[in-house]
Amino acid sequence: MNLLIDMGNSRIKWQLKQCELIVAAGIEDYTGSWSWLNSVAHDYDVIHVWASSVAGAKREDQLQAFLAEADLPPAQFAIVEDSWAEIQCAYKDYSKLGIDRWLAIIAGRSLASGAYIVVDSGTAITVDSVTADGLHQGGWIGPGVALMRRAMSAQSQALAVALREPHQVYTDLGVDTQTAIDGAITAMGRGMIEAAMHSDVTPKTLVLTGGDAGCWHALYPEAVWAPDLVFIGLEQYFAVP
């Protein structure tokens with residue numbers, strides 16, 4: 001079995017995979033216990049530990065220490081390279097591209113039959129464009145849905161009160177403060193997606209992932225919605241020698 005670990009800024013997501021089957025999965029907080037690794041080690045025969053991390057060296061070292069303590073294999077970390085298989089990174093300094101974006105780009109290749117756009121909507125919303133022959137053309141990074149709402153709330157008590165209700169996808173002109181703000185968030189995110197999708201005449205598959213992907217899937221029901229896109233990319237990354 002392979003233990004896949006996605007180390008984000010605030011939490012860890014993991015999956016235990018046997019072939020195509022997800023045997024176990026979880027979401028852990030860095031402030032909590034690492035005892036979940038002991039449970040995994042006790043219950044399953046783990047052959048490889050494959051990891052993606054944007055959490056920094058200190059937390060990566062913590063993971064390695066707790067893996068050793070649980071008698072699990074050391075983690076192999078995916079890194080961004082100038083190319084992977086037929087995919088070519090657009091960044092001149094490819095080390096500056098986030099590994100989560102790179103793995104999502106890799107995974108998107110297997111979900112699209114030609115050119116594609118990957119939209120990862122979490123703390124930030126990232127948009128990456130890839131041609132049919134695997135050339136990453138670049139992308140954009142903007143504030144995510146929750147981040148935009150928090151930024152507005154922090155500036156005004158009146159706005160904070162208006163945004164107590166959950167976010168809603170709103171496409172019309174707002175008729176109160178909440179719908180005006182949520183409508184603007186929708187319009188800004190949609191603008192990024194539309195600009196990437198129509199940057200040229202080539203038809204593109206839209207691939208959605210991230211915690212707020214459902215917002216955009218409501219607007220683009222024909223899109224591929226892949227909540228586990230980073231894990232898919234992580235497996236594919238290590239499958240290619």
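For the atom pair OG1 of T179 and OH of Y170, the computed distance is 4.5 Å after rounding to the nearest 0.5 Å. Separation of atoms CH2 (W36) and CG (N38) is listed at 10.0 Å; rounding is to 0.5 Å. Atom CG of L206 and atom NE2 of H217 lie 9.0 Å apart (nearest 0.5 Å). The OG1 atom of T177 sits 9.0 Å away from atom CE of M152, with the distance rounded to the nearest 0.5 Å. Annotation: the span from L21 atom CG to Q15 atom CD amounts to 10.5 Å, rounded to 0.5 Å. Distance OG1/T202 to CE/M197: 11.0 Å, rounded to 0.5 Å.
The backbone N or O of G134 sits nowhere less than 3.5 Å from a side-chain atom of Q88 that would complete a donor-acceptor pair. The backbone N or O of D6 lies less than 3.5 Å from no partner atom in the side chain of S52, so there is not a single donor-acceptor pair. D212 contributes no side-chain N or O that, together with a main-chain N or O of C215, makes up a donor-acceptor pair within less than 3.5 Å. Without hydrogens or angle criteria, K58 side chain to G56 main chain gives no donor-acceptor distance under 3.5 Å.
Note: the hydrophobic cluster containing L234 does not contain I5 (ILVMFWY, side chain heavy atoms under 4.5 Å, direct or indirect links). Both L63 and Y30 are assigned to one and the same hydrophobic cluster, defined by single-linkage of ILVMFWY side chains at heavy-atom distances under 4.5 Å. V54 and W14 fall into different hydrophobic clusters, defined by Ile, Leu, Val, Met, Phe, Trp and Tyr side-chain heavy atoms under 4.5 Å apart, directly or through other members. Under a hydrophobic clustering in which Ile, Leu, Val, Met, Phe, Trp and Tyr are joined whenever their side-chain heavy atoms come within less than 4.5 Å, directly or via other members, L4 and V49 fall into different clusters. In the hydrophobic clustering of ILVMFWY residues, with side-chain heavy atoms under 4.5 Å counting as a link, I117 and Y220 come out together.
Under the side-chain contact (heavy atoms from CB on, under 4.5 Å) rule, K13 has a single partner from D228, V230, I27, which is I27.
Atom CG of D71 is surrounded by 12 or fewer heavy atoms from other residues, nucleotides or ligands within 6.0 Å.
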* Using the side-chain contact (heavy atoms from CB on, under 4.5 Å) rule, take T171 and L219 through it: C-alpha gap first, then chi angles, then the decisive distance, then the call. => CA-CA 9 Å; T171 57; L219 300 174; 3.6 Å; yes
* For the pair L16 and V46, evaluate side-chain contact (heavy atoms from CB on, under 4.5 Å) and give the outcome as yes or no after the intermediate values. => CA-CA 8 Å; L16 194 65; V46 177; 3.9 Å; yes
* **CA sep, side-chain torsions, deciding dist, call: I125, D120, side-chain contact (heavy atoms from CB on, under 4.5 Å)** => CA-CA 6 Å; I125 178 171; D120 188 345; over 6 Å; no
* To do: Take I87 and R109 through the test side-chain contact (heavy atoms from CB on, under 4.5 Å) and record every step on the way to the result.
  => CA-CA 8 Å; I87 298 175; R109 183 82 170 155; 4.0 Å; yes
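Residues R101 and D128 are paired through a salt bridge, judged by an N-O separation under 4.0 Å between the basic side chain and the carboxylate. Under a 4.0 Å N-O distance rule, the pair E235/K17 qualifies as a salt bridge.
A ring pair (Phe, Tyr, Trp, His ring centres under 6.0 Å) check over residues 98-147, counting only residues at least two apart or in different chains, returns nothing.
Across all non-hydrogen atoms, the minimal contact from Q64 to F77 is NE2-CE1, 3.6 Å. Listed here is the closest heavy atom pair of L229 and T209: CB-OG1, 3.6 Å. Smallest separation of non-hydrogen atoms from A70 and A41: O-CB, 3.3 Å. Contact record, R59 with N9: NH1-O, 2.8 Å, taken as the closest heavy-atom pair. In terms of heavy atoms, P203 sits closest to A115 at O-CB, 3.8 Å. Across every non-hydrogen atom of E60 and S53, the tightest pair is OE2-OG, 2.8 Å.
Between W50 and F238, the two ring planes are parallel [angle under 30°; tilted spans 30° to 60°].
Side-chain contact between K204 and H198: absent, with no pair of heavy atoms (C-beta onward) separated by less than 4.5 Å. In this structure, V207 and V119 have side chains that are not in contact, with every pair of non-hydrogen atoms separated by 4.5 Å or more. Side-chain contact between W216 and M192: absent, with no pair of heavy atoms (C-beta onward) separated by less than 4.5 Å.
A donor-acceptor contact closer than 3.5 angstrom is absent between the side chains of Y237 and Q76. No hydrogens or angles considered: a donor-acceptor pair under 3.5 Å links the side chains of S110 and Q236.
Partners of D43 under the salt bridge (charged side-chain N to carboxylate O under 4.0 Å, His left out) rule, at least two apart in sequence or in another chain, do not exist in this structure.
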Could you list the donor-acceptor pairs under 3.5 angstrom formed by side chains in residues 153-169, with sequence neighbours left out?
unit_1: S153; atom_1: OG; unit_2: R149; atom_2: O; d: 3.0
unit_1: S156; atom_1: OG; unit_2: A158; atom_2: N; d: 3.2
unit_1: S156; atom_1: OG; unit_2: L159; atom_2: N; d: 3.3
unit_1: H167; atom_1: ND1; unit_2: D182; atom_2: OD1; d: 3.0

